[in-house]
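Read the structure below first, then the notes.
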Amino acid sequence: MAQAVQAGDQREQAGPAVWSRSFGLFFTARSVSMLGAAMVPFATAVGVGGLGYGATGVGLALAAWMAPFAVLILFGGVFADRFTPRRMMIGADTVRVVTQGAGAALFVFDRPQLWQILVISAVNGVAAAMYQPGVSSTVPRVAADVQKANATLRVSESIMLLAGPGVAGAIVGFAGVGVVFAIDAVGFAISAACLLLLRLPVVAAPPAGESMWRNLRGGWQEFRSRTWMWSVILIWAVFGVTLFGPMIPLGSVLVTGRLDEAAYGLVMSASGAGTVVGGLVAMRVRPVRPLMAGAIGLFGFGLEPLSIAAGAPLTIMMAAHVVGGAGWAFWSVMWATSVQTQVPPEALNRVTAYEVAGSTLFVPLGQVLAGPVAGLVGARELLAVSSVVAVAGCVALLLVPAIRGLRRVAPA
């Protein structure tokens, strides 16, 4: 293993670290897509609410995206193996050009019905499920330095997520919701064009004639054979119900109720700024044991629910969210790099599908349960439990030898 690490270090130092032509195209594709991803939920919430469908309509519109994404992403990994990730991502972007263009037309020229919005959201969720597995497997093919590439993408993603709601708000105020959907459609067209120009090395495909179910079983075997991977996903399942799920529904209610909407926006912006910091740190820091280092950084994330539950002053909450965002981003880069460099390229699409599905499947359950449980025990008390779970989860990550001892390697 030590020889593998040394060889990986030599490979990282030999070639261009990140900014090749291919990475530049992929970076552009991801950045414009993430800006749209940050703007559209805001525009959807404002648009659906403005049509008189209320909070229930907004929840249905957002859930209509998440449900097909969580269910179908496993098949997205199989299709990426069969038809190549680049083709699947271009196809998904093309579909979303059409759906977002249709959404723009509905809001600009007509008064859309709720069922029309739900259909568009559901088709976008299917497209995202076909797109997402290819992202992980593309990064090692466009950059020699996988960790720095992931950190660079994380910084860009954080900036887009930080700027997106504000940009969307300004556009909605001046031009209306439909223009946001139109801009998102243009962004997906730019993304598809950039991906079309990519020239990627060939990766071995599954043997011809294998059934889809056999490919799924093969991905499952690769996934479960890595104790460090499924152990993290088990912890993430608990996080989804008790930490990630309640954070936004309860945090928004508590902060806006005690202060105001602007204060909650500042708190969320502080978290976004922290993710930029964490991405920048991940560009420089190269721990030999990345998941152990990431788990240590992740302790800071527990400050986010704790600061809200404790009713801390606004400045303290913002500082806590900067630290939490930085820890989250650093862990995310360490995790993505570990997955991309530890899993064989020919299995990466399917394995990524399993780990993304496992990471996201329980978040909606936590969102649904947050309100009723908070009604029984109190919102602050539930977020205090979330902060305890965050710390306990980080301790659990460090106690699992396979996670703690995983060493950094470079892709072959």
Side-chain angles (χ1 to χ4, degrees), residues 1-20 23 26-27 30-31 34 135-136 139-140 142-162 228-229 231-232 235-236 270-304 319-343 355 359 390-391 393-411:
M1 182 62 75
Q3 292 176 346
V5 174
Q6 183 178 5
D9 290 339
Q10 291 172 351
R11 282 195 299 271
E12 289 175 357
Q13 296 168 3
V18 172
W19 288 104
S20 63
F23 181 79
F26 186 66
F27 176 86
R30 291 295 295 152
S31 296
M34 290 308 303
V135 174
S136 183
V139 173
V142 297
D145 189 334
V146 178
Q147 179 179 321
K148 190 171 183 179
N150 280 313
T152 303
L153 292 169
R154 172 60 65 178
V155 170
S156 172
E157 175 184 329
S158 300
I159 293 173
M160 296 301 110
L161 293 176
L162 188 63
W228 60 272
M229 183 176 288
S231 298
V232 169
I235 294 170
W236 248 240
S271 182
T275 61
V276 175
V277 174
L280 293 173
V281 171
M283 287 186 185
R284 297 292 182 183
V285 178
R286 296 177 177 274
V288 175
R289 297 180 178 180
L291 295 187
M292 182 175 74
I296 293 172
L298 197 60
F299 274 102
F301 188 74
L303 294 175
E304 292 195 10
H321 278 70
V322 169
V323 174
W328 171 255
F330 185 73
W331 161 267
S332 298
V333 173
M334 297 300 108
W335 171 253
T337 303
S338 297
V339 172
Q340 292 160 6
T341 57
Q342 297 280 347
V343 177
E355 64 98 357
S359 299
V391 173
C394 293
V395 172
L397 290 171
L398 293 173
L399 289 177
V400 177
I403 298 174
R404 184 179 67 247
L406 189 74
R407 299 178 70 86
R408 180 172 67 90
V409 297

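Keep in mind that the numbers below use all heavy atoms, side chains included, and drop hydrogens, waters and symmetry copies.
In this structure, Ala329 and Gly279 approach most closely via the heavy-atom pair CB-N, 3.9 Å. Closest of all the heavy-atom pairs between Pro287 and Met334 is CG-SD, 3.7 Å. Of all heavy-atom pairs spanning Ser156 and Phe27, the tightest one is CB-CE1, 3.4 Å. Minimum interatomic distance between Val146 and Pro140 (heavy atoms only, all atoms of both residues): CG2-CA, 4.1 Å. Residues Ala149 and Val139 share a closest heavy-atom pair of CB-CG1, 4.0 Å. Taking all atoms of both residues into account, the shortest heavy-atom contact from Ala396 to Ile235 is CB-CD1, 3.9 Å.
One finds the CG atom of Leu398 at 11.5 Å from the CZ atom of Arg289 (value rounded to the nearest 0.5 Å). In this structure, Ser332 OG and Arg154 CZ are separated by 4.0 Å, a value rounded to the nearest 0.5 Å. Rounding to the nearest 0.5 angstrom, the gap separating the OG1 atom in Thr152 from the CD atom in Glu157 is 12.5 Å. Taking CH2 of Trp335 as the start and OG of Ser359 as the end, the distance is 6.5 Å to the nearest 0.5 Å. Between the OG1 atom in Thr341 and the CG atom in Leu406 there is a gap of 7.5 Å [rounded to 0.5 Å]. Here CG of Leu291 is found 7.0 Å from CD1 of Ile403. Values are rounded to the nearest 0.5 Å.
A donor-acceptor pair is defined here as one N or O able to donate and one able to accept, closer than 3.5 Å; no such pair exists between the side chain of Arg404 and the backbone of Met292. One N or O on the side chain of Ser20 and one on the backbone of Val142 form a donor-acceptor pair closer than 3.5 Å. Of the possible polar contacts, one joining the Gln147 side chain to the Ala282 backbone as a donor-acceptor pair under 3.5 Å is found. Here the side chain of Glu304 pairs no donor or acceptor atom with the backbone of Val323 at under 3.5 angstrom.
The aromatic rings of Phe301 and Trp328 sit tilted relative to each other, their planes meeting at an angle between 30° and 60°.
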### Query
Under the side-chain contact (heavy atoms from CB on, under 4.5 Å) criterion, do Leu298 and Phe330 qualify, and how do the steps go?
CA-CA 8 Å; Leu298 197 60; Phe330 185 73; over 6 Å; no
### Test side-chain contact (heavy atoms from CB on, under 4.5 Å) applied to Phe23 and Leu153, step by step
CA-CA 10 Å; Phe23 181 79; Leu153 292 169; 4.2 Å; yes
### Task
Show the numbers, then the answer: is there a side-chain contact (heavy atoms from CB on, under 4.5 Å) between Val288 and Arg407?
CA-CA 5 Å; Val288 175; Arg407 299 178 70 86; 3.3 Å; yes
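Using a 3.5 Å distance cut-off with no hydrogens or angles, the side chains of Trp228 and Gln342 do not pair a donor with an acceptor.
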